[in-house]
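This report refers to the structure that appears directly beneath it.
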Amino acid sequence: MHATACDVKVLEHLALTDTIRLMTTSWPRRDKAPKAGQFFMLRCWPADVAPVLSRPISVHSYDAAMGTIQFLYEVRGKGTEKLAALEPGDTLSLVGPSGNGFDVESALGKRVALVGGGIGTAPLYQLAKELNAGGTKADYFCGFRDEPYGVEKFATLCGKVQLATDSGRYGFHGFVTQLLNPEEYDLVLCCGPEPMMKAVAKLCEEKGVTCIVSLERKMACGIGACLGCTCKTTTGGKCVCKEGPVFDSKEVFGA
Amino acid sequence: MSEVSLKVNLLGKELAGPVIGASGTFGFGAEYSDIVDLKKLGGVSSKGITLIPKYGNEGERLLETPSGLINSIGLQNPGVQHFIDHELPIMETLGTAILANLGGGCIEDYEKGAELLNDTAVDFVELNISCPNVKQGGIAYGIQAESAKEVVSRVRAVCKKPLIVKLSPQAEDICRMAVACVEAGADALSLVNTFQACAIDLEKRRPVFNNIFAGLSGPAIKPIALRMVYQVCGVVDVPVIGLGGIATGNDALEFIMAGATAVQVGTANFMNPKACETVTDEIAAWMQAHGVKTLDEIRGCARV
Ligand SMILES: Cc1cc2nc3c(=O)[nH]c(=O)nc-3n(C[C@H](O)[C@H](O)[C@H](O)COP(=O)(O)OP(=O)(O)OC[C@H]3O[C@@H](n4cnc5c(N)ncnc54)[C@H](O)[C@@H]3O)c2cc1C
Ligand SMILES: Cc1cc2nc3c(=O)[nH]c(=O)nc-3n(C[C@H](O)[C@H](O)[C@H](O)COP(=O)(O)O)c2cc1C
C-alpha cells in the first residue's frame, strides 16, 4: 500500500509533561488504515517555511471506528516546537501511513515482551492494542529518564507492566534491561534510543530469543523515494522509511 | 473561460505537462502514485541508476539548511538490470513519460548501461554526468567540457533513446559545457544538478558528511540555477529542461520564460509532497489569468 497525503484536523492536544504531547487528529482515509509501527510525516508549517523537511512521528493509537489517530511526541527542536503550538481545530498535513510496521500476525499466541525507552514507547501502545485484539497479552517493560508517561493505559492490554527510571523517582531504579529476562519470551519487540535497543538485542541474542527493533533515522520524503534514511543490513542497504522502520535486530545490528 | 494547454513536445514525445519529477527525489514514481495525479505530469525521472548496483554513502546523508537541503546519498540504486526487470514495469503503468537517469563510473559502464536501456519502455535517457556525491559518479565528466564530450559521444554512439544530458552547476564554464554536450550528440539538456556544499558538525569538529562535500538543492539555489538555464538557452538550439529550487508555479514560469522547454521539481517534493501537481496547477492558473493558451506563447519571452 502506498502512502497518501491528507490535510487533517487537530481534535485534541494535551501536554503530558513539560516536553511530551499527546495529539489526536482526524484520519478520514479508512482505506489507508495505519497499523502498529507505521508512521506519518507531519507538517503544520507552509512549504516555504523552515524547517524544510516534515517530521516523522509514529502512530501511537489508531481508532478505526472514530476515524482518529493519536501521536505521542517529544518536543525536541524546530519541527516539534511548531507541532506543539497546534490547537484543536487547526490543520495538519500528514503523509502516510508509511513503513512496514510490526508483524502482529506472527506474534499472536506467542509469549511477547514489549520493551520501550522514553518516547520510543509511542508506537508500542498501538502494538499492545493490536496484540490484545488478537488475544495476546504481552508484558510491557518501559524505561524513562525521570518522569514516566502513558504507562497506566497498558494495564488492561498487557500482562505484567514494569517500569524503570534512570533517576529512581518512579519504579525500578536503573535500566529496563535489568528487568527483562528474555528467556521468559518467544519474542521481544523493542523501540527506544539506539543504545538501549542494542542492549536489549544483545540480551535476547545471548538467549536465542528473537528481538525486533524499530529504528529512527533522519528522513526527507518518508515514503521511500529519496534514500536518505538507508541503514545497513545483513542483506544490503534498506530504506528505514519504507522497508523499515521495523527490523529483526540481527539484520541491522549485526551488519 | 478559455482552455489552457499545458502540453509540451519534448523531442517528438507529447508530455501532459511541463513538470517532471526530478531524479533522486521522486523514487521510481510509484511512491507518489497515491499522492500526486501522475497523469498530469510531464514525466518522472528515475533515481540515478548505474550498471553495477550501489549501496551509496556511509554516514549522514541529509542536512537541512535555510531554504535548502544538502544530500550525500551517493547514487544508491539496484543497478540498471534490476531497474529494467523490477522498477520499470511499474513505471510503465503510471501513465507518464519515463526518464531513466543513468549514472556511471567509467565510460564503459555508461555505455553498457545505455545499451541495456535500448530495448526497453524508457522514453528518454537522462545521462547524469553531474553527481557530486560519488567520486566516480560522473562529476569528473561534468566539470570539464572535453571529458563531457567524450562520455556523451561514446554513449550517443550506442544509445537508441532520445538522450538528455544532465549538467552540473560545477562545470568550469556552463555554456562551453552545454555546447560541448550538444556537439557530442545530446538531444536535449537538463540543468542543474546540486551545488557542491559543506557543513561542519561543531560537537565533533568534523565535516557532517563522510565525503566532506555534498550536494545543495532546494529554493536556496534557484536564482543561480535560473541564471545558468538562461545562459544555456542562449547558446544551444536543443530543448533545455530547467531545474534547481523550483517550488511554485511562478518559479517554473521563470525558467520557461528564460527559455526552458520543461522543468523538473526535486527538493520541493519534500516540502510539499504534492509539489509537482501544485506547480502544474499554479502554472495553469497563471496562464488562465493572463490569457496565455500554450506555453509556446511565453517560452523564452523574457530573453533580452
Ligand atoms: C519512523 C520514526 C518514527 C518516529 N516516531 C516518533 C514518535 O512517535 N514520537 C516522537 O516524539 N518522535 C518520533 N520520532 C523522532 C522525531 O521524528 C524527531 O524527534 C523529530 O524529527 C525532531 O524534529 P525537531 O525539528 O523537533 O528537532 P530538530 O530541531 O530537527 O532536532 C533537535 C534534536 O533532535 C535530534 N534529532 C532530530 N531528528 C532526529 C531523528 N530522526 N533521530 C534522532 N535524533 C534526531 C537532533 O539531532 C537534535 O539534537 C520518530 C522518528 C522516526 C524516524
Ligand atoms: C536526495 C536527492 C537525491 C538526488 N539524486 C539524484 C540522482 O540520483 N541523479 C541525478 O541526476 N540527480 C539527483 N539529485 C539532484 C536533483 O535531481 C536535482 O537536480 C537537484 O536537487 C536540484 O533540483 P531541486 O532544487 O529542485 O531539488 C538528487 C537530489 C536530492 C535532493
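So that the names make sense, note that chain A is the first sequence line, chain B the second, and so on, each numbered from 1. Bear in mind the structure is a predicted one, so any value in this text is a computation, not a measurement.
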Closest heavy-atom contact between [X] and [Y]?
X      : Y      : answer
A/V95  : B/P273 : CG2-CG, 3.4 Å
B/I73  : A/L227 : CD1-O, 3.6 Å
A/T230 : B/R61  : OG1-NH1, 3.0 Å
B/K274 : A/A5   : CE-CB, 4.0 Å

Toward chain A, the part of [X] with a non-hydrogen atom under 4.5 Å:
X      : answer
B/T248 : neither
B/L69  : side chain
B/S33  : side chain

B/E31 (side chain) donor-acceptor with A/A225 (main chain) under 3.5 angstrom: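 No.
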Any donor-acceptor N/O pair, A/T4 side chain to B/D34 backbone, under 3.5 Å: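 Present.
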Check: A/C226 and B/F270 side chains under 4.5 Å, non-hydrogen atoms: yes
Side chain to side chain, B/Y32 and A/C221, heavy atoms closer than 4.5 Å: yes
Spatial distance of atom CG (A/D48) from atom CG (B/N272) [nearest 0.5 Å]: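 Reported value, rounded in 0.5 Å steps: 10.5 Å.
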Euclidean distance, A/S54 OG relative to B/M271 CE, rounded to 0.5 Å: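 Between atom CE of B/M271 and atom OG of A/S54 there are 9.5 Å.
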Counting only non-hydrogen atoms closer than 4.5 Å, does [X] touch chain B with its backbone (N, CA, C, O), its side chain (CB onward), both, or neither?
X      : result
A/M219 : backbone
A/A220 : both
A/C231 : backbone

Heavy-atom pair count under 4.5 Å with chain B, highest-scoring of A/P51, A/G236, A/A50, A/P46: A/P51
Pick from A/G237, A/G228, A/C6, A/C229 with the largest number of heavy-atom pairs that fall under 4.5 Å of chain B: A/G228
Pair B/E64 + A/K78: basic N to acidic O under 4.0 Å: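 No, this pair does not count.
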Carboxylate-amine/guanidinium proximity below 4.0 Å for B/E60 and A/K218: yes
Top contributor to chain A contacts, counting heavy-atom pairs under 4.5 Å, from B/A30, B/P219, B/G56, B/S67: B/A30
Enclosure of A/M1 CE (heavy-atom neighbours >12, cutoff 6.0 Å):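 Enclosed.
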Chain B neighbours within residues 29-44 of chain A, where any heavy atom lies under 4.5 Å away: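 Contacts with chain B: A/K32, A/R43.
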Worked verdict on A/I223 versus B/I35 for side chain to side chain contact (heavy atoms under 4.5 Å, CB included): CA-CA 11 Å; A/I223 58 174; B/I35 296 176; 3.9 Å; yes
